Amino acid sequence: MRSEKTILLTGGTDGIGLATAKRLVKKGVKLVLASRDRVKGEQTVEQLRRESGNDQISLIVFDLSDLDSVSQAAEELLTEYPKIDVLINNAGTYTDQLYWTKQGYEWQFGVNYLGHYLLTRLLVPALCCSRERGRVINVSSDAHRKAKINFDKLHQSTADDYHYRGMQAYASSKLANVLFTTELARRFPQELTANALHPGVVATRLANKSSKDMVQFIWNLYKPFALKPMRGASTSVYLALSPEVREVSGRYFDKSQCLRKPSAKARDQHLAAKLWTYSEQAVEGYLV
């Protein structure tokens, strides 16, 4: 069974993203898999083709931590895929050590949010060409409920005396995902829909990649009790394909595909507008 839908998925080579990809390709969609690692991306594409029998799977390689790379990828995508029906901003990172992106942004903010912000903005023309309104799906987390955004700590040039806490930075990036979702929905009400989701606490390698030994130890103890990635992919797949949410926009869904009210800060329209303005200024050189 083939589908006419073209779906772009970031972070599709591991964890929730890989599970999402497996479920989508079995529906016969045309899947564009975004990966930072070309070798791993090619291996994943071959695996997906072999397991699903779907040959409509392709690879785009770029680095969300580098806005130059995101911009170049978007240009390539617009040429190859003038119509994109669904964009799933799934890729995510966690670290408990302070790193900066190539353009000087706090690493988790840069990868989890700002790279996706730029990618989405640049792909709006393709999303607008969908027969229905294009769908943007932002994978967030209930960690956003304990977050705030300190704009002075987002860029290396203003972050003096930064006592870095990885989980606070992670939660802040996930709050940014939700704020971006509601503001995107508000600014493009006719062109696209935008929704965010909490996939549940899922047994992935997120906390094993760039964390201190104690964090990894605690996470490994907890993992057997967390959701399996296939279950964690459920809401992303639902929001990508279900006709029930065709006209739903600016909302937040949980792991069971139920609407939930996000935190008070995530519903703050002034904060959402402020983040949009900050982000637009951060990427203004790429939006020409």
Side-chain angles (χ1 to χ4, degrees), residues 3 5 7-12 15-24 26-27 29 31 84-92 94 112-113 116-117 119-120 123 127 130 132-147 170-189 191-204 206 226-269 271-272 275-276:
S3 168
K5 285 187 180 295
I7 299 179
L8 172 61
L9 169 67
T10 69
I16 298 172
L18 178 57
T20 302
K22 287 180 176 181
R23 293 182 62 170
L24 289 173
K26 287 182 179 179
K27 300 289 186 179
V29 307
L31 181 68
I84 295 175
D85 298 286
V86 184
L87 168 60
I88 306 178
N89 290 321
N90 165 85
Y94 172 79
N112 296 346
Y113 167 68
H116 283 125
Y117 172 86
L119 179 66
T120 305
L123 294 182
L127 290 161
S130 176
E132 302 172 358
R133 285 190 291 171
R135 303 186 188 191
V136 178
I137 300 161
N138 294 319
V139 179
S140 183
S141 167
D142 268 358
H144 87 270
R145 297 185 183 281
K146 299 180 180 179
Y170 177 80
S172 177
S173 73
K174 293 302 179 179
L175 173 58
N177 291 151
V178 184
L179 290 165
F180 170 48
T181 299
T182 56
E183 189 67 6
L184 185 67
R186 188 183 73 80
R187 289 175 181 259
F188 295 93
E191 297 86 349
L192 53 82
T193 64
N195 292 291
L197 68 102
H198 169 56
V201 180
V202 182
T204 69
L206 183 68
L227 297 177
K228 300 300 182 186
M230 277 296 182
R231 172 69 195 284
S234 295
T235 304
S236 292
V237 174
Y238 170 75
L239 292 176
L241 300 178
S242 175
E244 296 176 5
V245 291
R246 182 182 296 121
E247 301 300 325
V248 178
S249 191
R251 306 301 292 273
Y252 182 77
F253 289 78
D254 68 10
K255 64 184 180 181
S256 300
Q257 300 84 63
C258 296
L259 282 168
R260 288 289 180 262
K261 185 181 289 187
S263 71
K265 276 190 169 52
R267 303 194 307 273
D268 185 332
Q269 294 181 0
L271 182 58
L275 177 64
W276 184 280

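Small disclaimer: the values here were computed from a predicted structure and weren't measured. Sequence positions, counted from 1, serve as the residue numbers for this chain.
A distance-only check finds a donor-acceptor pair linking the side chain of Asn177 to the backbone of Asn112 [under 3.5 Å]. A donor-acceptor contact shorter than 3.5 Å links the side chain of Asn90 to the backbone of Gly11. In this structure, Asn195 contributes its side chain and Val248 its backbone to a donor-acceptor pair below 3.5 Å. In this structure, the side chain of Thr182 engages the main chain of Leu179 through a donor-acceptor pair within 3.5 Å. Side-chain atoms of Ser249 never come within 3.5 Å of backbone atoms of Ala185 as a donor-acceptor pair (strictly under, hydrogens ignored). Between the side chain of Ser140 and the backbone N or O of Lys174 there is at least one donor-acceptor pair closer than 3.5 Å. Distance alone, capped at 3.5 Å, is enough to place a donor-acceptor pair between the Thr235 side chain and the Asp254 backbone. Looking only at distances, no side-chain donor or acceptor of Arg251 sits under 3.5 Å from a matching main-chain atom of Leu259. Ser130 places no side-chain N or O within 3.5 Å of a backbone atom of Leu127 that could act as its donor or acceptor partner.
Contact of the Thr20 side chain with the Val237 side chain is registered, since non-hydrogen atoms from C-beta on lie closer than 4.5 Å. Between Val86 and Val29 the shortest side-chain heavy-atom distance does not fall below 4.5 Å. Using a 4.5 Å heavy-atom threshold, the side chains of His198 and Pro262 count as separate. Looking at Lys5 and Leu241, their side chains come closer than 4.5 Å, going by heavy atoms from C-beta outward. At least one side-chain heavy atom of Leu197 sits less than 4.5 Å from a side-chain heavy atom of Val139. By the 4.5 Å heavy-atom criterion applied to side chains, Thr181 and Val136 are not counted as neighbours. Within the 4.5 Å cutoff, side-chain heavy atoms of Glu247 are placed close to those of Arg133. Two residues are said to be in side-chain contact when any heavy atoms from C-beta on lie closer than 4.5 Å; Leu275 and Leu271 fail this criterion.
Across Leu175, Asp268, Val178, a single residue satisfies side-chain contact (heavy atoms from CB on, under 4.5 Å) together with Ser263, and that is Leu175. Between Leu87 and the choices Ile7, Leu8, Leu9, the side-chain contact (heavy atoms from CB on, under 4.5 Å) rule is met once, by Leu8.
A distance of 9.5 Å separates OG in Ser236 from CD in Gln257, rounded to the nearest 0.5 Å.
Relative orientation of the Phe188 and Trp276 rings is tilted, given thresholds of 30° and 60° on the angle between their planes.
Contacts of His116 classified as ring pair (Phe, Tyr, Trp, His ring centres under 6.0 Å), with partners at least two apart in sequence or in another chain: none.
Heavy atoms from other residues, nucleotides or ligands lying under 6.0 Å from CD of Glu132 number more than 12.
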